[in-house]
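Just the heavy atoms: all of them, side chains too, but no hydrogens, waters or symmetry mates, feed the values below. For the single chain, residues carry numbers from 1 onward in sequence order.
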Amino acid sequence: MSLMSNSRVTALELMAAKIRRNVLDICMQRGGYAGQGVALADIAACLYFDEMRADDAGWFHDRFVLSNGHDAIMTYGALAEHGSYSMVDLRTYNADGTKVDQSPIEGQLGFEITAGSLGQGPSQAAGIAWGERMKGNDKRIYCLFSDGELQEGNVWEAAMFAAHQKLSNLVYIIDNNDLQATSRTQDVLAVEPVPEKFTAFGCAARRVNGNSITDILDAFAEAKTVKDRPFVMVCDTRIFAGIDCLQAALPAAHYVAKHQADWNAGLAEINRKITELEGQADGS
Ligand SMILES: Cc1ncc(C[n+]2csc(CCOP(=O)(O)OP(=O)(O)O)c2C)c(N)n1
Ligand SMILES: [Mg+2]
């Protein structure tokens, strides 16, 4: 049985709602990967505000490796709440000359690798995890990648290596949203059953409801009990999960350009949700 207080879960639900609001605010300026950012907000809230430990300088002790560069929008939404990016800067996302790239480059605040060419994060994260262990550090490494990337061989080489090296300081988080740009993953090149495939490669793996704070926290807790292999969270999500009107209007939007009416409706819905959750948080 997990030890999860209602106040912890409510606080993270509120954080996820604020991340969703930030994602819309950023993307409505000139378009972006809003559907992914919104859908991944629950994972981001748990990862950045509960799971990863802080260091003395106000940054993170643990390390996050983003593999599918376009999901940077999730990190931007979260780091705005962390206070390490300002919304003024983030609103330059996707503008000519911006330092807030849609697909980040290595060294940009919050990003460990250059991630626009898909499929490379899992192997780089495995290398980082191996290096940290060799140095005797207790850092945990979290790597987010997508179901589309599962079609690339490098991912499976990384899983084989990480399992062989018993990298229990490595957690793979998969955005398993059954979408890869313009089509459903199951129609282009099916990847399921994903947990079973990683298990066959020697990892520990489980399916997670990627929009349930309790399920995500439970999986992070389970990952720490596994001492001899990497842990894989196969997070089922859907584009725009968490904002019903946008999910209904744009269910398969890999990228969203101009949809001003939808943006406004989405913002109104998420603002209502934030008010509701703030009321619950005050009462708990
Ligand atoms: C190596 C590589 N191949 C192809 C692309 C082009 N590309 C950009 S996004 C994308 C879809 C990848 O699937 P996924 O990350 O699951 O997309 P989403 O669920 O976010 O729509 C592709 C093929 C790329 N960036 N890198
Ligand atoms: Mg996908």
- Report yes if some heavy atom in the side chain of D228 is under 4.5 Å from a heavy atom in the side chain of S168; otherwise report no. no
- Closest approach of S103 and G69, non-hydrogen atoms and distance? OG-C, 3.4 Å
- Task: State plainly whether one hydrophobic cluster holds both I173 and L170, where clusters connect Ile, Leu, Val, Met, Phe, Trp and Tyr through side-chain heavy atoms under 4.5 angstrom apart.
- Result: no
- Shortest non-hydrogen separation from A17 to L277 and the atoms involved: CB-CD1, 4.0 Å
- So CE of M233 and CG of D218: to nearest 0.5 Å the spacing works out to 9.5 Å
- Going only through I, L, V, M, F, W and Y residues with side-chain contacts under 4.5 Å, is there a path from I113 to F60? no
- Query: For D42 and R20, what are the C-alpha separation, side-chain angles and deciding distance, and is it a salt bridge (charged side-chain N to carboxylate O under 4.0 Å, His left out)?
  - Reply: CA-CA 9 Å; D42 299 303; R20 288 186 167 97; 2.6 Å; yes
- Min side-chain heavy-atom separation L14-Q280 under 4.5 Å: no
- Given the rule in the side chain to side chain contact (heavy atoms under 4.5 Å, CB included) test, do R229 and K166 qualify, once you have shown the distances and angles that lead to the verdict? CA-CA 4 Å; R229 63 194 67 193; K166 300 184 174 18; 5.8 Å; no
Review item, side-chain donor-acceptor pairs of residues 120-128, under 3.5 Å, at least two apart:
unit_1, atom_1, unit_2, atom_2, d
Q120, NE2, S117, OG, 3.2
S123, OG, Q120, O, 3.1
S123, OG, N154, OD1, 3.2

- If you take all heavy atoms of G242 and E269, which pair is closest and at what distance? O-OE2, 4.3 Å
- Give a yes or no answer on whether the side chain of T199 reaches the backbone of A204 with a donor-acceptor pair at less than 3.5 Å. no
- Message: Rounded to the nearest 0.5 Å, what separates atom CZ in R184 from atom CG in N177?
- Response: 10.5 Å
- Is there a side-chain contact between E149 and Q180, using heavy atoms and a 4.5 Å cut-off? no
- Check the pair C27 / I73 against side chain to side chain contact (heavy atoms under 4.5 Å, CB included), numbers first and verdict last. CA-CA 8 Å; C27 290; I73 186 63; 3.7 Å; yes
- Heavy-atom closest pair (S84 atom, L109 atom, distance to 0.1 Å) is O-CD2, 3.3 Å
- Item | Electrostatic pair R206-D215, nearest N-O below 4.0 angstrom | yes
- Message: The criterion is side chain to side chain contact (heavy atoms under 4.5 Å, CB included); which residues satisfy it with E157, sequence neighbours excluded?
- Response: none
- ring pair (Phe, Tyr, Trp, His ring centres under 6.0 Å) with Y85: which of Y93, Y48, Y76? Y76
- Query: Are the side chains of F64 and E112 in touch, meaning some heavy atoms are under 4.5 Å apart?
  - Reply: no
- Minimum-distance pair of heavy atoms, taken over all atoms of L24 and L267: CD1-N, 3.6 Å
- Item | Donor-acceptor pair between S146 and D175 side chains, under 3.5 angstrom | no
- Would you check if the side chain of T92 reaches a backbone N or O of A95 as a donor-acceptor pair within less than 3.5 Å? no
What donor-acceptor contacts under 3.5 angstrom involve side-chain atoms of residues 245-256, with partners at least two apart or in another chain?
unit_1, atom_1, unit_2, atom_2, d
Q247, NE2, I239, O, 3.4
H254, ND1, Q36, NE2, 3.4
Y255, OH, N94, ND2, 3.0

- So R133 and D138, salt bridge (charged side-chain N to carboxylate O under 4.0 Å, His left out) or not? Walk me through it. CA-CA 7 Å; R133 191 181 64 188; D138 73 342; over 6 Å; no
- Determine yes or no for a side-chain-to-main-chain donor-acceptor pair under 3.5 angstrom, with Q165 supplying the side chain and W130 the backbone. no
- What ring pair (Phe, Tyr, Trp, His ring centres under 6.0 Å) pairs are there with at least one residue in residues 176-212, not counting sequence neighbours? W156-F198, W156-F201
- Does some side-chain heavy atom of V234 sit less than 4.5 Å from a side-chain heavy atom of V208? no
- Is the shortest heavy-atom distance from the side chain of Y142 to the side chain of F231 under 4.5 Å? no
- Paired with K273, the side chain to side chain contact (heavy atoms under 4.5 Å, CB included) test is passed by just one of T275, N271, I270, namely I270
- Task: Hey, could you give me the CD/CZ distance between E51 and F220, rounded to the nearest 0.5 Å?
- Result: 5.0 Å
- Note on the structure: Here the gap from L118 atom CG to D71 atom CG, rounded to the nearest 0.5 Å, amounts to 9.5 Å
- Let me see the working for D55 and K139 under salt bridge (charged side-chain N to carboxylate O under 4.0 Å, His left out), right down to the final yes or no. CA-CA 11 Å; D55 68 12; K139 287 177 191 278; over 6 Å; no
- Within a radius of less than 6.0 Å around NE2 of H61, do more than 12 heavy atoms belonging to other residues, nucleotides or ligands occur? yes
- Message: Test side chain to side chain contact (heavy atoms under 4.5 Å, CB included) on I216 and C235; report intermediate values, then the result.
- Response: CA-CA 8 Å; I216 297 162; C235 297; 5.5 Å; no
- Note on the structure: Shortest non-hydrogen pair, N68 vs L144, comes out as OD1-O, 3.4 Å
- Task: Carefully, step by step, assess W59 and H82 under the rule ring pair (Phe, Tyr, Trp, His ring centres under 6.0 Å).
- Result: CA-CA 9 Å; W59 190 241; H82 182 254; 5.7 Å; yes
- Task: Check the pair M52, R140 against side chain to side chain contact (heavy atoms under 4.5 Å, CB included), reporting the backbone distance first and the verdict last.
- Result: CA-CA 8 Å; M52 287 204 290; R140 291 176 69 73; over 6 Å; no
- With sequence neighbours excluded, give me every side-chain hydrogen bond (donor to acceptor under 3.5 Å, both in side chains) pair touching residues 188-198. N176-E192, E192-R207
- For Y172, check ring-ring contact (aromatic ring centres under 6.0 Å, His included) against everything at least two apart and list the hits. F145
- Hydrophobic cluster membership, M160 vs I174, 4.5 Å side-chain cutoff: yes
- Output for pair (Q29 CD, T98 OG1), nearest 0.5 Å, gives 11.5 Å
- L66 side chain reached by M74 side chain, heavy atoms, under 4.5 Å: no
- Query: Is there side-chain contact between I141 and V171, with heavy atoms separated by less than 4.5 Å?
  - Reply: no
- Message: Treating D236 as the side-chain partner and N209 as the backbone partner, does any N or O pair qualify as donor plus acceptor under 3.5 Å?
- Response: no
- Item | Rounded distance [0.5 Å steps], NZ in K99 versus CD1 in I105 | 9.0 Å
- Item | Within one Ile-Leu-Val-Met-Phe-Trp-Tyr cluster: V65 and F111, side-chain cutoff 4.5 Å | no
- Message: Under 4.5 Å between side-chain heavy atoms, counting indirect links through other Ile/Leu/Val/Met/Phe/Trp/Tyr residues: same cluster for V191 and V188 or not?
- Response: no
- Message: Under a 3.5 Å distance rule, please check whether D50 uses its side chain to pair with a backbone N or O of A45 as donor and acceptor.
- Response: no
